[in-house]
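A, B, ... follow the sequence lines: proteins, then strands. Residue 1 opens every chain. All figures in this text were calculated on a predicted structure; none of them were measured in a lab.
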Amino acid sequence: MSERTVQLGSAAPGDVSRWRWAMADGVVLTGRALAHWVRQPAQVLVGLLFPVLLVVMFGYLLGGAMTVPGGGDYREFLLPGMFAMTMVFGVEATYAAVATDLARGVTDRFRSLPMASSAVLTGRAAADLLHAAVALAVMLACGWAVGWHPRAGLPAAAGAVGLLLLLRFALIWVGIHLALVLRRPESVVVLQILVWPLGFTSSAFVASESMPGWLGAVAGWNPLSATVTACRELFGNPGSGGGSFAAEHAVILAVAWPLLLVAVFLPLSVRRYRHLAG
Amino acid sequence: MIEADGLRRRFGATVALAGLDLRVPPGSVCGLLGANGAGKTTAVRILTTLLRADAGRARVAGFDVGRQPDRVRARIGLVGQHAAVDEVLSGRQNLVLFGRLHHLDAARARRVAAGLLDRFGLAEAADRPAGTYSGGMRRRLDLAAGLVHDPPVLFLDEPTTGLDPRARAEVWDYVRELSAAGTTVLLTTQYLEEADQLADRLAVVAAGRVVAAGTPDELKAALRGDRVDVALARAADLDAAARVAGAAAGAAAAVDAATLRVSVPVQDRVGALAAILPALADAGIAATDVVLRRPTLDEVFLRLTGAERGEVAA
Ligand SMILES: Nc1ncnc2c1ncn2[C@@H]1O[C@H](COP(=O)(O)OP(=O)(O)OP(=O)(O)O)[C@@H](O)[C@H]1O
Ligand SMILES: [Mg+2]
């Protein structure tokens, strides 16, 4: 039986084939995530429609009482905030997926295979980014339906979409890292709660200028505010001015904050994953 | 095929492995027998590259588990203590997924998946989510997932724990089939009977090391086989009965005052009974019951771990 053949690409690990397999394994795992969505359409739909519900709640029920500094329609002001919140909600899905695989032993199964270990994380990141793109498309359509429009041209609008996906990309690594540390799928509840204070201490729902002094300062520097304010600017929506340093440099901050998060949490996640062997 | 030398591993203050040695020749079935917390899973996790050892060396299928984990992974199948399948995906999707991750091309992965689903009696449930499977079906799927690449070495961590007798017998049949086809198998179990049924060689693990190893028959002989229990009418007779029965059987008798019992290990079942009963009668000791029985797993562990402690102390 020792002469039984073992038919494997990894048996001849040149650098090129190593990369090729890492890519191929990542694609297989991204496909797995897509298969999950096909198998759980209701769950996916609820996830996609939740931010739409928020737009209705904030835009119509509470929106009448809201004023936008510098004037303008509240729904025009709100939508970029909701786009960013949609990206933030995604962190829950990332966390849940990674923690569930760990708890069920599926991650161990992957680790016992001769696959590229990076693929487990890159496959997750690619799948979640795809999901974010769909979620964002739904939200843009929803915005259009309630009268929101990008008013600063297509290139700027594309830039805003890019910034939103960059934020989601950064949060993917935060979610992966938290899951590798906490390991408990149930703890996703903590994230579901924590996204709200993060959202409300940003300029997503209310302009930071209209908040009490210290809270306004916190909100101004909240990474989420950077993306929200930059999107308002790039979409030509009201409420992007302000005069503070953070507001003046929103686009730069909306690039810098996510890059900083990636620079911290991507290596931490990779290290943590490797460290699963103790 | 599997060689481990002095494997050590601790988790904080807990010593999970305290120098485990193991040899499993190609094509054989080795049973790792041990109670809860003995270190079985830790040993399997190290041998399957999932966990690093603090010290010691291990080679599986000719490759060092620490230095060439990918080579090892390409040659092993693992069925963990808890079924590790994707519960959202169907059984078929699971097997295709793991086949693809073993770098089979798509068509081949589908073919292998279909073959395994048939072989493990899952063809009918193949396209249902694995989360809806019964415990036995999930185990079989788990086993199939460990076989997508036809590995020469298979690790099974408590493959039948939690299964009903029928599902257990099925798993046993699959293991026998694989072994007959030449697969080297390392399986862990808490059940002496299971080890006895499946394994060519046994290693009894206690407190993170192998305290006894050999064929099932060798081990049973080393444990001096059967025991005779004598239940007494009067507590006053306990010491005398232990002395007399021990002398008749040529071994030291254990006394259990709570149940008024004396228990003696015996080699020759019938001969020992024939010697003990008249000796007790001659001494005027009244017995209310006599039982000839095999040692329980508890006694096996107690004896082996007790002997181990004695050795350490000496
Ligand atoms: N990840 C871990 N962290 C902390 N302690 C651990 C860890 N894994 C195992 N242990 C400890 O190491 C010891 C050996 O555990 P192991 O799981 O190897 O035993 P086992 O023989 O498989 O037991 P069981 O029959 O219960 O599965 C136990 O005391 C256990 O508590
Ligand atoms: Mg165990």
Determine whether more than 12 heavy atoms belonging to other residues, nucleotides or ligands lie under 6.0 Å from atom CZ of A/Arg271.
no
If you compare all heavy atoms of A/Ser112 against all heavy atoms of B/Leu50, which two are closest, and at what distance to 0.1 Å?
N-CD2, 3.8 Å
Minimal heavy-atom distance between A/Gly105 and B/Ala84, with the atoms involved, is O-CB, 3.2 Å
To the nearest 0.5 angstrom, please state how far the NE2 atom of A/His36 sits from the CD atom of B/Glu87.
10.0 Å
Any idea which of B/Leu89, B/Leu78, B/Val79, B/Val96 has the most non-hydrogen atom pairs under 4.5 angstrom with chain A?
B/Leu89
Check whether A/Leu113 gets within reach of chain B through its side chain, its backbone, both or neither, counting any heavy atom under 4.5 Å.
both
Engaged part of B/Ala83 at the chain A interface, taking heavy atoms whose separation is under 4.5 Å:
backbone
Are more than 12 heavy atoms, taken from residues, nucleotides or ligands other than A/Arg184, located less than 6.0 Å from that residue's CZ atom?
no
For the atom pair CG (B/Leu101) and CH2 (A/Trp21), what is the distance rounded to the nearest 0.5 Å?
10.5 Å
First locate atom CE of A/Met115, then atom CZ of B/Arg100, and finally report the distance between them rounded to the nearest 0.5 Å.
12.0 Å
Side chain, backbone, both or neither: which part of B/Pro69 has a heavy atom under 4.5 Å from chain A?
neither
Which heavy-atom pair separates A/Arg18 from B/Asp70 by the least distance, and what is that distance?
NH1-OD2, 4.3 Å
CD/A/Glu186: more than 12 non-hydrogen atoms of other groups inside 6.0 Å
yes
Output for pair (A/Arg109 CZ, B/Leu97 CG), nearest 0.5 Å, gives 10.0 Å
Tell me which of these, B/Val85, B/Thr48, B/Asp142, has more heavy-atom pairs under 4.5 Å with chain A than the rest.
B/Asp142
Rounded to the nearest 0.5 Å, what's the gap from OG on A/Ser17 to NE2 on B/His103? Could you check?
9.5 Å
Which one, A/Val106, A/Val38, A/Thr100, leads in non-hydrogen pairs under 4.5 Å with chain B?
A/Val106
Looking at B/Arg45 and A/Asp108, is there a salt bridge between them, counting it only when a charged N and a carboxylate O are closer than 4.0 Å?
yes
Chain A: which of B/Asn94, B/Asp86, B/Thr49, B/Ile46 shares the most heavy-atom pairs with it under 4.5 Å?
B/Asp86
Taking every heavy atom of B/Arg9 against every heavy atom of A/Ala277, the minimum-distance pair comes out as NH1-O, 3.6 Å
Applying a strict 4.5 Å limit to non-hydrogen atoms, the region of A/Arg111 in contact with chain B is both
In this structure, are over 12 heavy atoms from other groups packed under 6.0 Å from A/Gln192 atom CD?
yes
